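The structure appears below as structure tokens.
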Protein chains: 2
Amino acid sequence: MNSTMPPIRTEPFKVACSSCNLRELCLPVGLSRNDLEQLDTMVATRRSVVRGDTLFRAGDAFQSLYAVRTGFFKTCVSAEDGRDQVTGFQMAGELLGLDGIGSDRHTVDAVALEDSQVCVIPYAQLEELSREFSDLQRQLHKIMSREIVRDHGVMLLLGSMRAEERLAAFLLNLTQRLQARGFSASSLILRMTREEIGSYLGLKLETVSRTFSKFQEEGLLEVKQRQIRIVDQDGLQKLVNGAAC
Amino acid sequence: MNSTMPPIRTEPFKVACSSCNLRELCLPVGLSRNDLEQLDTMVATRRSVVRGDTLFRAGDAFQSLYAVRTGFFKTCVSAEDGRDQVTGFQMAGELLGLDGIGSDRHTVDAVALEDSQVCVIPYAQLEELSREFSDLQRQLHKIMSREIVRDHGVMLLLGSMRAEERLAAFLLNLTQRLQARGFSASSLILRMTREEIGSYLGLKLETVSRTFSKFQEEGLLEVKQRQIRIVDQDGLQKLVNGAAC
DNA sequence: CGCGAGCTTGATGCCGATCAATGCATGTGG
DNA sequence: CCACATGCATTGATCGGCATCAAGCTCGCG
């Protein structure tokens, strides 16, 4: 494994956080003008990852965090026996690599589901800078804490929801995050396969497919391959809340 | 909810991290003499929680982290409809409350499964101190990152393992942590009910019970209510790795 | 001593996995 | 431009693991 690394393309031209249109969603949230300019000095490079390539793999040395600038990623853990589990999907403004801090090695694979760009955030510098700027420190801590809380939500989903509830929760979460980025709340194109959705939700791809079909029959969704239109958002929400009981 | 808070018992006598026998497992790992003394000034109080009581509840304002000094806790998230999910079990040296940083409110309930004591770590002070002492900062980040990694492991378990594998993984994890604290690697007393184990593992209590019985029949364990003796650790390990396939 | 919380065990049923076939979209080479 | 391959999605039939329902059992404790 980790045999032949593909050449890493970095683009070291100026990509200021302070003028990034994602600054209200990304690491810079809540930072002052001054703090932002400090961030700019640190986040000096981007990196492009083509669809299907990995940004990093489990076992790789941990150096940097990555903020998704454009595109879409999944992260997977895998057990020795080959089983693997998608642990999350990341879109613009979301951070990748937090798992690596604890052991100086990444513990998941991060795979681009479409051609993507990330901002490289050298971790040593981030730690240093966050010692100086308490707002940055606070923001970093919040992001990590929220990741923990998100994971707890996934555990609840995996541990106690049924297939329909899981898929409904997944779709609502996805649209909510897309909406925060200015996309439609009701219409989306899935970046991932049925199998990847299934892995994330603890279901087999056939079950995901059947559940999509069921939702369509019930008038909750319109499904055409990866194009999804949400027809009855409240209906989905009720499923998640278990109001059916 | 949160109706009548029980009186909070704090014991403000000196409980120095620098002389704590958990310092190799807890927040102070890897800190220098000097850093440790700084920690001492901050972690000034303990709090006792009797079995069945909550240390904090979802929705409570977040003020402090807590390090388990003695005893045993579980943390639970709950959905609106009442379903709840145990997200973890915490023993001596482990930190509680990280979930609260992101939103200034706790998002889980922390319940003592036996009479317990925790060290109170005022979070504002911890942030401040960790700006000054980079080793402390690094340690805090590592702890948060490891929590994320742990959660990913639970997702893998919940998403792709079968009942026997889940229980085997759970037991091995538990004994490993107990062993790190100087307890036997092969003999333990469960602090939680079958139902709580089931909630953590995404199983019903009957399934947990049956699986214990099965393990006993197969000569992997001796089970007498909550007293467990691990007879064949390798056998359990093989189950987890899916080597049975 | 008897009550009750928690545990065990059995019988049955259902949800989602598995196995298998077909359909649909995209891309590639003749 | 068509023929075919390939990857992904859908749908059906069947199976199995775990949930559910329902009794007893154990043990600690008032």
Side-chain angles (χ1 to χ4, degrees), chain A residues 50-52 74 83-86 111 113-115 157-171 188-218 221-229 239 242 244-245, chain B residues 50-52 74 83-86 111 113-115 157-171 189-218 221-228 239 242 244-245:
Chain A
V50 305
R51 179 184 157 143
K74 70 170 176 181
R83 262 187 303 213
D84 71 342
Q85 170 80 18
V86 171
V111 181
L113 297 183
E114 57 182 343
D115 293 354
L157 180 147
L158 291 171
S160 69
M161 290 187 172
R162 295 170 331 91
E164 293 178 28
E165 301 170 323
R166 295 184 198 191
L167 189 61
F170 171 72
L171 288 171
L188 68 156
I189 294 179
L190 299 174
R191 256 61 241 218
M192 67 295 277
T193 67
R194 302 289 191 258
E195 187 169 19
E196 287 161 338
I197 297 172
S199 173
Y200 183 60
L201 299 178
L203 302 170
K204 292 288 139 180
L205 70 94
E206 295 95 327
T207 303
V208 174
S209 180
R210 270 184 251 272
T211 308
F212 270 126
S213 300
K214 182 140 187 272
F215 283 176
Q216 183 159 237
E217 283 166 28
E218 292 171 346
L221 299 179
E222 276 172 24
V223 183
K224 204 189 287 175
Q225 302 282 109
R226 297 198 185 180
Q227 293 194 94
I228 308 286
R229 208 171 66 77
L239 267 180
C245 309
Chain B
V50 305
R51 179 184 159 142
K74 69 170 177 181
R83 261 187 303 214
D84 70 343
Q85 169 80 19
V86 172
V111 181
L113 297 184
E114 57 183 345
D115 293 354
L157 180 147
L158 291 172
S160 69
M161 290 187 173
R162 296 171 326 93
E164 293 176 29
E165 301 169 322
R166 295 185 197 189
L167 189 61
F170 171 72
L171 288 172
I189 294 179
L190 299 173
R191 256 62 239 216
M192 66 296 276
T193 67
R194 302 289 191 259
E195 187 168 20
E196 285 160 340
I197 296 172
S199 172
Y200 183 59
L201 298 178
L203 302 169
K204 292 289 139 177
L205 70 96
E206 294 95 328
T207 303
V208 174
S209 180
R210 270 184 252 272
T211 307
F212 271 125
S213 300
K214 182 142 186 272
F215 283 176
Q216 184 158 236
E217 282 166 29
E218 292 171 345
L221 299 179
E222 277 172 24
V223 183
K224 205 188 284 176
Q225 302 285 108
R226 297 200 184 178
Q227 291 194 97
I228 309 286
L239 266 180
C245 308

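Note that the structure is predicted; figures quoted are calculated from it, not measured. Here is how names work: the chains are called A, B, and so on, in the same order as the sequence lines, proteins then strands, and each is numbered from 1.
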task = Can you tell me the distance, in whole Å, between the CG atom of L201(A) and the C1' atom of dA17(C)?
result = 15 Å
key: Min side-chain heavy-atom separation F170(A)-L203(A) under 4.5 Å   = no
query = Out of dT8(C), dA9(D), dC18(D), which nucleotide sits closest to the side chain of S213(B)?
reply = dT8(C)
message = If I take atom CZ in residue R51(B) and atom P in nucleotide dA5(C), what distance separates them, rounded to the nearest angstrom?
response = 13 Å
key: Side chain proximity check, R191(B) to E196(B), heavy atoms < 4.5 angstrom   = no
query = So, do F212(B) and L171(B) sit near enough that their side-chain heavy atoms are less than 4.5 Å apart?
reply = yes
inquiry  = Can you say whether a donor on the side chain of E196(A) sits under 3.5 Å from an acceptor on the base of dC8(D), or the other way round?
reply    = no
key: Atom-pair distance (CD on Q216(B); P on dT8(C)), nearest Å   = 9 Å
ask   = L205(A) has an atom CG; how far is it from atom P of dT18(C), in whole Å?
value = 10 Å
Separation of atom CD in Q227(B) from atom C1' in dG6(C), rounded to whole Å = 15 Å
key: Phosphate OP1/OP2 of dT8(C) contacted by R194(B) side-chain N/O (<4.0 Å)   = yes
request  = Remember a base hit wins even if backbone is also touched, and classify L203(A) as base, sugar-phosphate or nothing at under 4.0 Å, heavy atoms.
outcome  = sugar-phosphate
ask   = Closer than 4.0 Å, any side-chain N/O of T207(A) to the OP1 or OP2 of dA17(C)?
value = yes
request  = Under 4.0 Å between any heavy atoms, over every strand shown, what does T193(A) touch: base, sugar-phosphate, or nothing? Just pick one.
outcome  = sugar-phosphate
task = Looking at every strand, decide which applies to G202(B) at a 4.0 Å heavy-atom threshold: base, sugar-phosphate, or nothing.
result = sugar-phosphate
note = note: R83(B), atom CZ; dA19(D), atom P; distance rounded to Å ~ 14 Å
note = Against the side chain of S209(A), the closest entry in dT10(D), dG16(C), dC27(D) is dT10(D)
query = Roughly, in whole Å, what's the span from CE in M192(B) to P in dC7(C)?
reply = 11 Å
ask   = What does R210(A) touch in the nucleic acid at a heavy-atom separation under 4.0 angstrom: a base, only the sugar-phosphate, or nothing?
value = base
key: Between P of dC15(C) and CG of L167(A), the distance in whole Å   = 17 Å
message = Less than 4.5 Å apart, side chain to side chain, heavy atoms only: is that true for K214(A) and E164(A)?
response = yes
query = Can a side chain N or O of R226(B) be found less than 4.0 Å away from OP1 or OP2 on dC7(C)?
reply = yes
inquiry  = Test your reading of the model: is there a side-chain donor-acceptor pair from S209(A) to the backbone of L205(A), 3.5 Å cut-off?
reply    = no
